[in-house]
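Structure first, then comments.
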Amino acid sequence: MALLRDTVTPEKLTPEQGALRTEARRRLAQLAPLETWEGWEATALIHEMRVQHVEIEMQNEELQHSVADLEFERRHYHALYEHAPSAYFTLNAAGDILDVNLAGTRLLGFQRDQLRLRPFRLFLVPEQRAGFASVLDTLTQAQSSRTHLFTLEQRGGERLEVQLQGLTLPSPAQEPPSVLITLMDITPLSQARAHLEHLNATLEHRVSQDTRALLDLNAQLHHQARHDFLTGLPNRAAFADALRGALDGLHQHGQDFAVLFFDVDRFKVINDSLGHPAGDQVLVELSRRLREVTRPEDDLSRLGGDEFAILLHSVTDPEIIPSVIARMDAAVQRPFVLEGQELYLTVSTGILLVGDGYHTAEEVVRDVDVALYQAKRGGNAGSKVFVPSMRDEARGRLELEAQLHHALERHELVVHYQPIVALESGQVLGLEALVRWQHPQRGLLLPGVFIPLAEELELVGEIDRWVLMETQRQTARWRLDRAGTHPLWMNVNVAAQNLEQIRQVTDQLLMHATPAPWRVLVEITERVLTSREEGDPGTLEALRLAQVELVLDDFGMGFSSLSALHRFPVRMLKIDRSFVAALDENASLIRAIVLMGEALGLTVVAEGVETQEHQRALLELGLKVAQGWLFAAALPPEEVEAYLRTNHRLE
């Protein structure tokens, strides 16, 4: 009995047991008392047993409630597991599938029964199975794992990209652990990422291409800014930079250098006769030849048009310059072949030896340009080395340009007339009107001095019109009785570059008839017949209405075609004085021109006849008409009428 009392001593109960005991006694007090035998020990024992019985019933009730709660929770979590949007797979330690939810079956495309107890790794692509085994080992040891990416193969063979997260499930100590893995289909995300990566790669490629294109364009623009587009040579800006660098070397290290400017003689004739495309071909070929004869360390540039420059570095001996020019001339003088036609070119060269007195590129360009101008004045294929006195002459040229603008308004231009005669008899057949400038300080200036300036200043058309008007006025002043005889020619030089300009000059012939016995002929150069406007029928008709007949001056020096002589109102050919000056060399050519002129019904005139030897030789070659100092120089107007009346027969 003592032992029983000890077992139910209130001090030995836990708080939970004490609360249970109290509740049991409360319930027991509500029951009817039991009949017991005498003695308090039996009564107490029976009471204690009844209390314990009530406790057991209460514990059973709690267990039933717990079982119900657990069942509810089990069903709840099973529903969550089964219907979760993510795919759940329960695996054993070997990786076999113990259970799978609906999302998992849909993901793989198999029924639940088809998946159970099958190794999960079989649904992974082969190259990832070893990696999954490592993840599984980590899960069984570390209770959880980080996120991993795997590729699944569905039943139909389609591949899915999934994100795997693992969790180790609790299990009895004696049993191997099981693992819950969660799979999320990230295929759309992977595809989007792949597409984005492709777009990024494409964008990077395009950006790279565009960047390269911009860099190439920038390099191209930089190259174009410093190189001539036609020949590929450095241009004027690049040459100026080279000059500045050479000047720095001169002043810092005493490295002397020289500069050559040169341009093609009569290059405009090529453009006017054969067209600008042909001229461009000549420039390209000329550039190629010049590269071949230029030292690698020197700078060859095209400054514009037909003008080129060479910067010769480290010129310690000026005597090397003639050899440079000789190489350049040899390269230029080889014939250029265009459309089966051979062209022979020459160049004029200005030379400057650069010393300590020069400090800027502009100073260098100024003086070598002056030297080139002087070389061109000396004739074709000339060269001049700059000397300081040339600057004064250049300044004089600038002054002459300024004064030429006012020459007409100040009545400083005059016209002189040179007779055109029958070569054998000396009989006067006509006159050639030649403009002169009676300069107030420099005296009488010939056309070669100021007409090129007038062309540059675009004054030549105005001068041409004035000469024609003045010639018509002058012929009206001369009183010559030529009744019943052929009219006299009055050849008027016109410096126009094309037929349209000639028409503008000769329009006044329609309004002001030339008095008898004169007939006006307009002298032009061959390049006019090959200009781009040559085929304008309106211009040709206007010339015919004005009864304008053309004279080709300096015939044989340029380019023209026989068909042009037929198409245009050409009346006369004038053989250039340079052919007459070298009769022995040019006799056959002069004879050919005479025969051609006769065949075409044209009058052929020899210019520059100065000696009786010239007269005799030309007569033998068939020439009948000439002009030159042998017969008379160009005469002022006041001497012409007397010359015509007293010195030569007019009938």
Side-chain angles (χ1 to χ4, degrees), residues 222-265 267 281-336 344-372 374-376 381-387:
H222 180 73
H223 183 274
Q224 290 177 351
R226 297 177 55 80
H227 289 77
D228 173 51
F229 75 97
L230 178 64
T231 64
L233 292 177
N235 60 12
R236 184 179 291 271
F239 187 74
D241 289 343
L243 274 182
R244 285 187 280 269
L247 286 169
D248 290 341
L250 170 66
H251 295 296
Q252 295 176 13
H253 309 292
Q255 297 175 348
D256 293 339
F257 64 96
V259 175
L260 279 61
F261 273 16
F262 55 94
D263 64 13
V264 180
D265 297 321
F267 184 74
Q281 292 181 44
V282 171
L283 292 175
V284 171
E285 173 62 16
L286 177 60
S287 301
R288 187 191 66 78
R289 296 185 187 184
L290 292 175
R291 284 194 190 98
E292 292 179 349
V293 298
T294 304
R295 298 183 305 176
E297 63 268 25
D298 295 331
D299 292 291
L300 170 66
S301 301
R302 182 191 178 201
L303 303 183
D306 60 316
E307 189 172 356
F308 295 81
I310 299 178
L311 193 159
L312 301 175
H313 292 277
S314 302
V315 179
T316 56
D317 182 6
E319 296 302 321
I320 72 168
I321 294 179
S323 65
V324 173
I325 295 177
R327 291 199 308 271
M328 185 176 67
D329 287 341
V332 172
Q333 291 171 3
R334 297 199 310 271
F336 292 75
Y344 291 87
L345 305 183
T346 58
V347 296
S348 298
T349 308
I351 305 160
L352 175 64
L353 302 174
V354 183
D356 291 335
Y358 292 91
H359 295 87
T360 67
E362 290 75 15
E363 293 173 345
V364 173
V365 171
R366 175 199 63 197
D367 286 351
V368 72
D369 209 18
V370 168
L372 175 60
Q374 293 295 334
K376 293 181 73 65
S383 63
K384 290 288 185 181
V385 178
F386 176 82
V387 292

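We number each residue from 1, following the sequence as shown.
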Has Arg289 got a side-chain atom pairing as donor or acceptor with Arg334's backbone, closer than 3.5 angstrom?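 Such a contact is found between Arg289 side chain and Arg334 backbone.
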If you round to the nearest 0.5 Å, how far is [atom2] of [Y] from [atom1] of [X]?
{"X": "Leu290", "Y": "Arg327", "atom1": "CG", "atom2": "CZ", "result": "11.0 Å"}
{"X": "Ile321", "Y": "Ser383", "atom1": "CD1", "atom2": "OG", "result": "10.0 Å"}
{"X": "Arg295", "Y": "Leu312", "atom1": "CZ", "atom2": "CG", "result": "6.0 Å"}
{"X": "Arg302", "Y": "Asn235", "atom1": "CZ", "atom2": "CG", "result": "10.0 Å"}
{"X": "Thr349", "Y": "Asp329", "atom1": "OG1", "atom2": "CG", "result": "6.0 Å"}

Which is it for Arg366 and Glu362 under the side-chain contact (heavy atoms from CB on, under 4.5 Å) test, yes or no, and what are the steps along the way? CA-CA 6 Å; Arg366 175 199 63 197; Glu362 290 75 15; over 6 Å; no
Side-chain contact, heavy-atom cut-off 4.5 Å: Glu307 with Asp369?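 With C-beta onward as the side chain, the pair touches.
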Indicate yes or no: at least one non-hydrogen side-chain atom of Leu345 is less than 4.5 angstrom from one of Asp265.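 No, their side chains stay 4.5 Å or more apart.
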Output all residues satisfying salt bridge (Lys or Arg N to Asp or Glu O under 4.0 Å) with Glu292, sequence neighbours left out; order by chain, then residue number.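 So Glu292 forms a salt bridge (Lys or Arg N to Asp or Glu O under 4.0 Å) with Arg288.
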Which heavy atom of [X] sits nearest to which heavy atom of [Y], and what is that distance?
{"X": "Leu311", "Y": "Asp298", "result": "O-CB, 3.3 Å"}
{"X": "Ala240", "Y": "Ala361", "result": "O-CB, 4.0 Å"}
{"X": "Asp356", "Y": "His359", "result": "O-CE1, 3.5 Å"}
{"X": "Ala242", "Y": "Asp299", "result": "CB-OD2, 3.8 Å"}
{"X": "Ile310", "Y": "Met328", "result": "CD1-SD, 4.4 Å"}
{"X": "Thr231", "Y": "Ser287", "result": "CG2-OG, 3.0 Å"}

Among all residues two or more places apart in sequence or in another chain, which pass the side chain to side chain donor-acceptor pair (under 3.5 Å) test with Asp263?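 Result, side chain to side chain donor-acceptor pair (under 3.5 Å) vs Asp263: Lys376.
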Can you list the residues that meet the ring pair (Phe, Tyr, Trp, His ring centres under 6.0 Å) rule with [X], with sequence neighbours excluded?
{"X": "Phe261", "answer": "none"}
{"X": "Phe308", "answer": "Phe262"}
{"X": "His313", "answer": "none"}

Can you list, pair by pair, the side-chain donor-acceptor contacts under 3.5 Å of residues 243-260, counting residues two or more places apart and other chains?
from	atom 1	to	atom 2	distance (Å)
Arg244	NH2	Asp241	OD1	2.4
His251	NE2	Tyr358	O	2.7

Begin from the C-alpha positions of Leu303 and Val365 and carry the test side-chain contact (heavy atoms from CB on, under 4.5 Å) through to its verdict. CA-CA 11 Å; Leu303 303 183; Val365 171; over 6 Å; no
Begin with the C-alpha distance, continue with both residues' side-chain angles, and end with the deciding distance and a verdict on side-chain contact (heavy atoms from CB on, under 4.5 Å) for Arg291 and Leu233. CA-CA 9 Å; Arg291 284 194 190 98; Leu233 292 177; 3.4 Å; yes
